[in-house]
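What follows is a set of notes on a single structure, which appears directly below.
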Amino acid sequence: MISEVALGELHAAVEQALERGDKGSLDVVGWGEISIGVGWPAGRPEVVAKRLPRFSDRASFDSYAALINRYIGLLSGRGVEVVDTELRGIFEPAGTVIGYGVQPLLAAETIGPAVLSAADPDEGHPLVEQICELTEAVVSDRIGFDAQLSNWAWSGGRPQYFDVTTPLISDSRGRSELDAELLLAAYPAITRPALRRFVVPSVIARYHDLRSVLCDVAANLIKERLEFWIPGLIEASAPLLEMPLEPEEIRSDYRSDARLWEWIQRIRRADRAWHRLRGRTYPFLIPDEIER
């Protein structure tokens, strides 16, 4: 999907952006809460690469790659078409590895929010119903799923899913197989114990509960300025739940989620400022603000 030479060039461009402290000439095609998606080659992108935090060694990187592949297999086995994905690594002299999740760049107009923005909510769109049905097929005690609209594309009359670099798999005892330390690396060390104890378990648990996942899908419609699609999603999800989602339940979920991520982003911006004050390179690119 991307040659070793091109991957090296991409990595060098990202490293330069980190040293500057801004995206510069990087072709950023998506800002996530934790990481960014960079189109490459810049100016005429053919792939999008999602940079992951640094792995401590090759074994950790290989283990994470295997977990992602297993997650993709589990999703595919439940009817979810996953966009082709590769986990590629930049192997550093110290033995550490920088990971990049690489996928083909999808046309902007095929991404979920753009699809519904161009459609009429009174007429509906099959993407809404299929997201609900596929979510019901996937979510279980063993498999978690982030089904929000921005993680889907609509191509050839069918949905495609592409957010697989956070593999949500739990073992038979209900313990997440995802290495939370990799995610926590994006936050200041002083905050990690609290995040590890109080935030990470509850966030992961939500993705293993069907109602919570579907409520999150609806709540994210507010963030995407697509609130007028919420009635259709409530109707589409109702047969899958014991009780239909309630509008106030969705708004409450949105407010709670927005407060959590706004707090987390303030912490990260403060950490970035502290790094700069001490003349150090902050190892992540983050947006100054995320519209909610």
Side-chain angles (χ1 to χ4, degrees), residues 28-33 37 48 75-76 78-83 103-140 143-164 168 203 206-262 287 289-292:
V28 177
V29 298
W31 291 97
E33 300 286 3
V48 58
L75 296 183
S76 299
R78 285 156 178 77
V80 177
E81 181 178 342
V82 179
V83 174
Q103 297 174 323
L105 180 68
L106 304 176
E109 66 270 15
T110 70
I111 306 302
V115 171
L116 292 195
S117 291
D120 185 346
D122 291 333
E123 296 181 2
H125 193 284
L127 177 59
V128 175
E129 290 79 8
Q130 292 193 38
I131 286 177
C132 293
E133 292 169 1
L134 289 169
T135 299
E136 196 270 340
V138 168
V139 172
S140 69
I143 308 174
F145 197 45
D146 182 356
Q148 61 181 266
L149 183 65
S150 57
N151 293 335
W152 298 87
W154 181 258
S155 178
R158 63 187 188 275
Q160 296 178 310
Y161 186 77
F162 51 82
D163 185 23
V164 293
L168 298 167
V203 169
R206 289 186 64 191
Y207 293 122
H208 288 269
D209 178 78
L210 179 60
R211 186 179 191 88
S212 295
V213 175
L214 291 174
C215 188
D216 184 62
V217 174
N220 270 276
L221 291 173
I222 301 174
K223 177 183 175 183
E224 298 290 350
R225 308 297 189 262
L226 293 168
E227 191 170 357
F228 41 87
W229 280 92
I230 289 178
L233 191 138
I234 291 175
E235 181 179 354
S237 63
L240 311 175
L241 302 170
E242 291 184 6
M243 295 289 292
L245 294 171
E246 297 287 344
E248 182 51 38
E249 174 187 8
I250 294 167
R251 287 191 291 269
S252 176
D253 184 84
Y254 169 74
R255 291 191 296 266
S256 176
D257 194 59
R259 285 193 298 269
L260 171 63
W261 288 108
E262 285 170 3
E289 296 292 340
I290 294 178
E291 290 189 13
R292 303 186 188 280

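In this text the structure is predicted, and so the values were computed from the model without any measurement.
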Taking the side chain as every heavy atom from C-beta outward, state whether [X] and [Y] have any atom pair closer than 4.5 Å.
{"X": "Pro113", "Y": "Ile111", "result": "yes"}
{"X": "Trp154", "Y": "Thr110", "result": "no"}
{"X": "Val48", "Y": "Gln103", "result": "yes"}
{"X": "Ser155", "Y": "Leu106", "result": "no"}
{"X": "Ile234", "Y": "Pro247", "result": "yes"}
{"X": "Tyr161", "Y": "Val83", "result": "no"}

(message) Ignoring hydrogens, what is the shortest heavy-atom contact between Leu240 and Glu133? Give both atom names and the distance.
(response) CD1-N, 4.1 Å
(message) Quick check: closest heavy atoms across Leu134 and Gly79, and the distance to 0.1 Å?
(response) CD2-O, 3.4 Å
Is the closest basic N to carboxylate O distance between [X] and [Y] below 4.0 Å?
{"X": "Arg206", "Y": "Asp146", "answer": "no"}
{"X": "Glu249", "Y": "Arg211", "answer": "yes"}
{"X": "Glu262", "Y": "Arg259", "answer": "no"}

How many angstroms lie between atom [atom1] of [X] and atom [atom2] of [Y], to the nearest 0.5 angstrom?
{"X": "Cys215", "Y": "Leu245", "atom1": "SG", "atom2": "CG", "result": "5.5 Å"}
{"X": "Ser150", "Y": "Asp163", "atom1": "OG", "atom2": "CG", "result": "7.5 Å"}
{"X": "Phe145", "Y": "Ser140", "atom1": "CZ", "atom2": "OG", "result": "11.5 Å"}

(message) Which residue in the set Leu168, Val213, Leu75 passes side-chain contact (heavy atoms from CB on, under 4.5 Å) when paired with Val138?
(response) Leu75
(request) Among Leu233, Ile131, Val115, find the residue that satisfies the side-chain contact (heavy atoms from CB on, under 4.5 Å) test when tested with Leu149. (result) Ile131
(message) Please evaluate residues His125 and Leu116 with respect to the criterion side-chain contact (heavy atoms from CB on, under 4.5 Å), reporting the C-alpha separation (whole Å), side-chain torsions for both, the decisive distance (0.1 Å), and the verdict.
(response) CA-CA 7 Å; His125 193 284; Leu116 292 195; 3.9 Å; yes
(message) Tell me whether Asn220 contacts the main-chain N or O of Lys223 through its side chain, where contact means a donor paired with an acceptor under 3.5 Å.
(response) no
(message) Between Gln130 and Trp152, does the side-chain contact (heavy atoms from CB on, under 4.5 Å) criterion hold? Intermediate values first, please.
(response) CA-CA 11 Å; Gln130 292 193 38; Trp152 298 87; over 6 Å; no
(message) Under the criterion side-chain contact (heavy atoms from CB on, under 4.5 Å), I'd like the reasoning laid out for Phe162 against Val82: C-alpha separation, chi angles, the key distance, then a yes or no.
(response) CA-CA 6 Å; Phe162 51 82; Val82 179; over 6 Å; no
(request) Could you walk me through whether Glu248 and Arg255 pass salt bridge (Lys or Arg N to Asp or Glu O under 4.0 Å), step by step? (result) CA-CA 10 Å; Glu248 182 51 38; Arg255 291 191 296 266; 2.7 Å; yes
(message) Tell me if the CD atom of Glu129 is crowded by more than 12 foreign heavy atoms within 6.0 Å.
(response) yes
